[in-house]
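The structure appears below as structure tokens.
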Amino acid sequence: MSQTHLNSLKFGDNTARARADANLQAALEKLQRDTRKGRPVITGRLPEFEALRDRAVAIKNHTLAHLDQYLETFESNLTAAGGQMHWCRDAGEARAAILDICRDAGARTVGKGKSMVSEEIALNDHLIENGLEVVETDLGEYILQLREETPSHLVMPAIHLKKEQVADTFRSFHTELDPDRPLDEPAALTEEARHKLREKFLAADVGITGANMLVAETGSVVVVTNEGNGDLTQTLPRVHIVIATLEKVVPTITDALTVLRVLARSATGQEITCYSTFSTGPRRAGDLDGPDEFHLVLLDNGRTDLLGGDFHEVLRCIRCGACQSACPVYGAAGGHAYGGVYGGPIGAVLMPALNGIEKAWTLPEASSFCGNCEAVCPMRIPLPGLMRKWREIAHTRKLNKSRPRWGIAIWAWTARRPSLYRVAARIGIGALRLLGGRRGTLRSLPFAGGWTGERDLPAPEGGTFVDRWQKERARTGDRA
Amino acid sequence: MTARDDILGKVRAALGRTTPAQSTAGQSTAGQAVQSGSPPLPEYANDTIVPARGQGSPAECVVRFVEMAAEASVTLDRVAAAHDVPGAVAAFLTRENLPQSLVMSPDTGLDALPWATTDLDIRRGAARDGDAVSLTPTVCGIAETGTLMVRSGPATPYTLNFLPDTHIAVLYADDIIGSYEDAWARMRPNGETGPDLPRFVTLITGPSRSSDIERTVTIGVHGPCNLHVVLVGRAAGETG
């Protein structure tokens, strides 16, 4: 069981609200524009990019096929390095394990690097309810924490906000500063966040980060950031906790380097993030800084249910967010419309898996199968194909709406009777041509208001394909 | 049954693998690994893909490193020899209107440099809040993306790379290699793992930054605002 407060069934309403939100639409448009422009540039600079993608896919496939062995190897090396591993089956066990570690450490303040898994298990609220102060240190997450919002994108959590909104938030919360100070530009906002969060970094007793990868060969955890908050969070406090799901494992350092080459290029359009940190256990004897304790909370939370099954390939995901940035639906609705932790194409496949299709069937429906997501996915996850599988399951379980069910049922009944189908098609074509009139287009159509509301439908010209085929064959005397 | 057993059991079941309880002693079908076996080597194991820009002669690597580092907003001074480093550092601080004081890694290589020829006020050790400038050695420089590899250790406290506003890194031209793989080979020449690795091995590419606000890149979020490299000497084959 994953998160509470899932709002995916309200996707339609959420999207309508999102479309009316001018700030959000401007932000999403900028994201799409930048992504469209940036991706060919950054991938074009690396001739080996496609080969690296293929290799990354092979690495992940191999790892998943031997996941138990690599997990054991990882644990053995981590433990040898002085780290402690905590295996957790679900969100509840993970929350409890982390709280226990914090309590044993006598912690009062927890600093957090960005972790989508921590969102998945609703960690922050749990720690806060149990008396801890939790501070998000990633700039975007910090802003969201103040605004009590959730991340809307895998790697750019506050991308749905305009800088004016961030400025307003900072003015409301950083009340000790001069209220008339200029906060017009992102640089000023960033400077302010740097100073505020510096105190928090230094005060934290425990630092919690996610992991981009777990390297079995060395027992290392890979965390990549641009801000350096991941590093400060895992260096300054006495205790470092990593929360990671088990499909994050890669076999070797070399494998990790291959994945790194496709990760930042897909996520942010950079050659590589500023900091790619490989942490192996706690501080060593003689080190002047670094945590005394290192804990890895390894979480299943539904991954083993996906392993070896119909949705196995989604376990290759490295959480780069490229699919979200490339998706026209995400680009219109924004991440929050999906109603849960993961939005966009990856959310459409993952949310039903983690929360049950009955709670999230709307998400795989929210796609035109344009295929952008699969085209940009560094791990070549067949997202549209997986969404289609969810649609079939939802349809079989009668979760979707009755009108499309009836529509499909009628079409299927007719399609199984080819002569009847052809008669119906001829009638349909005739009717549409009539309705199209002299213009040859239809501005509106019964039962298709959702489509024709924004588009004109060209009226059909000519007859059915089968009729034309037979006419053509008769004309050329071709009897195959 | 512990959570560990439960999870590993589910993984094995999902992969159609036999569990320890079910496998009979000595019986193991080729290609079907049992619990304590190692995974088979994948077919790509000896065929690492290293991009062309991560390869080249030492001289080419230096040129590419300098180019890529500049793209990543790293500033760079070249000096002929190690004994020129203190002067270059002092000059840099003057240019940047920074005080002539810094905190330095307690590294024997750095200690041996003629710091007394400058007026620099130097503290050795880990970084503290309020430190403006740090100076550290590097493991190597990676031409592929203008990246520095740094490590933690008794002589190289990790906070020096992150807490101060300005991080000065000393890099020898002979330590510039092509690719991330080359860097890791430097880091662990004998394939060290686990406890034989430092707590931290990090690839640093430029000063810290964020694009979380409207995707506008701002430099200097949390980590250093400035990353300055003092590049010492010339690589084999460099002309000019």
Side-chain angles (χ1 to χ4, degrees), chain A residues 30-31 34 46 48 51-52 55 58 62 65-69 77 80-81 87-89 93 139-140 156 158 162-163 166 186-187 189-190 194 197 202 217-219 226-229 231-232 235 253-254 257 271-272 274-281 283-284 286-290 300 304 307-308, chain B residues 2-4 6-8 10-12 14-17 33 35 37-39 42 44 48-49 51-52 68 125-126 129 145 147 152-154 157-159 162-163 180-181 184 193-195 197-216 218 220-224:
Chain A
K30 180 167 201 293
L31 171 65
D34 290 348
L46 189 69
E48 299 84 359
L52 286 164
R55 179 56 56 82
H62 169 79
H66 303 278
L67 187 60
D68 54 331
Q69 292 161 311
N77 285 316
W87 297 70
C88 297
R89 284 168 281 216
E93 287 186 359
L139 175 61
M156 293 174 276
K162 303 219 81 223
K163 59 186 184 211
V166 180
L189 294 163
T190 307
R194 181 192 172 86
L197 284 169
L202 295 161
E217 181 197 2
T218 56
N226 276 311
E227 299 178 15
N229 64 310
D231 295 88
L232 288 171
T235 314
I253 291 285
T254 305
L257 299 175
E271 304 274 354
I272 187 172
C274 280
Y275 306 107
S276 302
T277 303
F278 294 69
S279 318
T280 315
R283 57 155 61 173
R284 304 289 188 268
D287 282 358
L288 297 176
D289 49 28
D300 179 355
T304 49
L307 194 62
Chain B
T2 61
R4 181 184 188 278
D6 204 358
I7 291 170
L8 284 174
K10 285 184 79 178
V11 170
R12 290 186 193 115
L15 298 174
R17 197 75 65 66
Q35 185 206 8
S38 304
Y44 53 78
T48 307
I49 301 175
M68 297 302 298
D129 184 36
T145 46
T147 297
S152 62
Y158 193 63
T159 46
F162 288 95
L163 271 180
Y180 305 143
E181 286 80 3
W184 270 94
T193 66
L197 284 176
R199 147 72 183 177
F200 288 110
V201 176
T202 303
L203 306 179
I204 299 182
T205 313
S208 66
R209 70 198 63 206
S210 175
S211 60
D212 275 344
I213 301 176
E214 289 196 1
R215 233 170 167 272
T216 306
T218 53
V221 202
H222 306 319

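Order of the sequence lines fixes the chain letters, A, B, ..., with proteins taken first and strands second; residue numbering starts at 1 for each chain.
- Considering all non-hydrogen atoms of both residues, A/N229 and B/H222 come closest at CB-CD2, 3.6 Å.
- Note that OG of B/S152 and CZ of A/R284 are 7.0 Å apart. Values are rounded to the nearest 0.5 Å.
- Remark: A/R55 CZ to B/T48 OG1 distance equals 7.0 Å, nearest 0.5 Å.
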Inset, instruction - Give the C-alpha distance, both sets of side-chain angles, the deciding distance and a yes or no for side-chain contact (heavy atoms from CB on, under 4.5 Å) between B/R199 and A/D287. - result: CA-CA 9 Å; B/R199 147 72 183 177; A/D287 282 358; 4.1 Å; yes

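- Rounded to the nearest 0.5 Å, atoms CG (A/N226) and CG (B/D212) are 9.0 Å apart.
- Scanning both residues, B/F200 and A/T277, for their nearest heavy atoms gives CD2-CG2, 3.6 Å.
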Inset, instruction - Could you check A/W87 against B/L8 for side-chain contact (heavy atoms from CB on, under 4.5 Å), going step by step and ending with a plain yes or no? - result: CA-CA 10 Å; A/W87 297 70; B/L8 284 174; 3.9 Å; yes

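- Expressed to the nearest 0.5 Å, how far CG of B/L15 lies from CG of A/L67 amounts to 7.0 Å.
- Ranking A/P186, A/G140, A/G228, A/G308 against chain B, the residue ahead of the rest is A/P186, based on heavy-atom pairs under 4.5 Å.
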Inset, instruction - Check the pair A/K163, B/T216 against side-chain contact (heavy atoms from CB on, under 4.5 Å), reporting the backbone distance first and the verdict last. - result: CA-CA 10 Å; A/K163 59 186 184 211; B/T216 306; over 6 Å; no

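- Residue A/L52 comes nearest to B/P51 through the heavy atom pair CD1-CG, 4.4 Å, listed as atom of the first residue, atom of the second, then distance.
- Scanning both residues, B/S210 and A/L139, for their nearest heavy atoms gives OG-CD2, 3.6 Å.
- For the set A/G219, A/S276, A/C88, the entry with the most heavy-atom pairs within less than 4.5 Å of chain B is A/S276.
- A salt bridge links A/D68 with B/R17: the distance from a Lys NZ or Arg NE/NH1/NH2 to an Asp or Glu carboxylate oxygen falls below 4.0 Å.
- Each of A/V166, A/L31, A/L202 has some count of heavy-atom pairs under 4.5 Å with chain B, and the biggest count is that of A/L202.
- Looking at B/T159, both its backbone and its side chain come within 4.5 Å of chain A, counting heavy atoms on both sides.
- Counting heavy atoms from C-beta on, the side chains of B/K10 and A/D300 come closer than 4.5 Å.
- How far NZ of A/K30 is from CD of B/E214: 6.5 Å, rounded to the nearest 0.5 Å.
- Taking the six-membered ring for Trp and thresholds of 30 and 60 degrees, B/F162 and A/Y275 have ring planes inclined between 30 and 60 degrees apart.
- Note on B/T145, B/D129, B/T147, B/T202: by heavy-atom pairs under 4.5 Å with chain A, the leading option is B/T202.
- Both the backbone and the side chain of A/R89 come within contact range of chain B, with heavy atoms under 4.5 Å apart.
- Tested against B/Y158 for a side chain to side chain donor-acceptor pair (under 3.5 Å), the candidates A/T235, A/D231, A/D289 yield a single pass: A/D231.
- With a threshold of 4.5 angstrom between heavy atoms, B/P224 approaches chain A through its backbone and through its side chain.
- The most heavy-atom pairs under 4.5 Å with chain B, out of A/L307, A/N77, A/L288, come from A/L307.
- Across every non-hydrogen atom of A/C274 and B/G206, the tightest pair is SG-O, 4.3 Å.
- Scanning all heavy atoms of the two residues, the minimum distance from A/E48 to B/I49 falls at CB-CG2, 4.3 Å.
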